[in-house]
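Reviewing the structure listed below.
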Amino acid sequence: MSIPLEYEVTLPDGQKFNQPSGLFINNEFIKSINGKTIESINPSTGEVNGSVYAAEKEDVDVAVKAAKEAFKHWKKVTGVKRGILLNKIADKLQEQRDLFGAIEAWDSGKNKTTNAVFDVDICISVFRYYAGWADKITGKVIQNDPKKLAYTVHEPLGIVGQIVPWNYPIAMAAWKLAPALAAGNVIILKTSEITPLSLLNVARLFKEVGFPPGVVNIISGYGATAGTALCVHPDIAKIAFTGSTATGKLISKAASDTMKAVTLELGGKSPLIIRADADLDQAVKWAAIGIMSNQGQICTATSRIYVQESIYEKFLEAYATHVKSKFKQGTMFNTDGVIVGPQVSKLQRDKVLRFIDIGKKEGARVVLGGEANTEGDLSKGFFVKPTIFADVKPEMTIVQEEIFGPVVSVGKYTTDDEALFLANNTNYGLGAAIFTKDLVVAHTMAAEIESGMVWINSSNDSDVHIPFGGVKMSGVGRELGEYGLTMYTQPKAIHVNLGTKL
Ligand code: NAD
């Protein structure tokens, strides 16, 4: 099917822009070779937002060729220059914050004012942060033998394939693009087939600010075709992936044949422990943000809450009241303080509803929600009411499996040891939260919890300076901070003989 390479869109908030539909390769939007396309569906209305060209293996080959050529020159560009270009991307996003927020809302279903514009802020801070790193990447001199000068240089890896999910389309891309570019790599990034629109608008910024052709290539496409083609291509040095654990396993296997470096940011089932000595009001607020924001579509969502027995019922009552009154549901351009939008797709909505059904059948108590929201206009979209299950048991499906929706399980415990056992009783290990006023217990528990991140008296507190990532089935490697940068360089050791004659 042939579609125009650009079409005008007027968003419900009145903003107009031209949506590109092509594959962004060599700083141009081009049609896919086989002409395949993807339809993008509006999560609030179920209508088609637009179509984009879908890359297949042949298109990935074209992108790799462009990136390979670009790397010859890009690797010689100074860190200062790379930093200037990255800062320019941040400037552009800053200038058009409202428009990019609106586009991201339209593409993914997030509410624009309470959610999507903050994703643009994340992108701005990530590009600025790594712009600062671009001229500060240094190796070491290793001083063991006076007859030898030994040093390391931290080189870029080359062509990096990046595969992102639909829950934070532009933010997850920024987490990957900015450090990889700061370190001197060239990139082929594949968007999610569910949210292909917003990143194509970001793509054009790279040309506008002066990145050379082929340094950043952004393609739409399905995982099984374009995604796999990236994972197996012999000229791609690394795959950086964010998405489900099931896909992470496939990617890891596919990338192993060509021995690629891999970072995987995968799923989670993060616990949140509330001790009887905690500030209950704070625990209630963070526990709500930790699962209900972004429609529960957050890998680090604190989806399992464990409350100490003596405050269990009191917490449940306060929690249900807070979620009911503050987590209003509505469409993405609603400006009345809507926090919970639709799930991203019908498939995802149905999956969440299936888990809710299982939760009821397995005997969990529904304290709030527990069904789709079909009130008025919401019936057209993919809305699930914020749902709280109580009295859950460790073996229940809703306690073990990642639901990826606004659904939380609450259970009770007696001792700190029991809380730790319950928290660690999962295959995942992304985040964990502890609420207590006892600092010794907080730090002792933080040490015992099996996760890549621990929040003491908060939840889902992500910060560009601080590494993000998981253990166990939640992934390999880290993003953000200096640790995130190291994932995009490799040390080369150079030995200089200063006098050892044979
Ligand atoms: P997904 O795994 O279905 O898809 C993610 C991306 O992988 C998409 O771009 C998709 O096209 C691609 N893909 C699918 N199959 C592929 C294959 N065989 N080879 C190569 N690429 C392939 O995940 P999703 O449904 O888009 O996102 C939701 C999941 O992502 C949740 O499980 C969530 O926990 C996880 N997630 C994790 C993090 C994190 O940082 N840990 C962040 C966001 C989302």
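For ligands, and for the atoms within them, numbers begin at 1 and follow the listed sequence. Keep in mind the model is a prediction, meaning the values are calculated, not measured.
With sequence neighbours left out, the salt bridge (charged side-chain N to carboxylate O under 4.0 Å, His left out) criterion links Lys249 to no other residue. Applying the salt bridge (charged side-chain N to carboxylate O under 4.0 Å, His left out) criterion to Asp59, with sequence neighbours excluded, gives no partner residue. Checked against side-chain hydrogen bond (donor to acceptor under 3.5 Å, both in side chains), Gln19 has the following partners two or more places apart in sequence or in another chain: Asn201.
Both the sub-6.0 Å distance and the 45° axial angle are not jointly satisfied by Lys176 relative to the ring of Tyr488.
A perpendicular orientation is assigned to the rings of Phe206 and Phe211, their planes being inclined by more than 60° (bins at 30° and 60°).
Pocket lining of ligand 1, defined as residues with a non-hydrogen atom under 4.0 Å away: Ile163, Val164, Pro165, Trp166, Asn167, Lys190, Thr191, Ser192, Glu193, Gly223, Gly227, Thr228, Phe241, Thr242, Gly243, Ser244, Thr247, Leu250, Ile251, Glu265, Leu266, Gly267, Cys299, Glu402, Phe404, Leu430, Phe468.
Remark: Asp357 CG to Glu371 CD distance equals 11.5 Å, nearest 0.5 Å.
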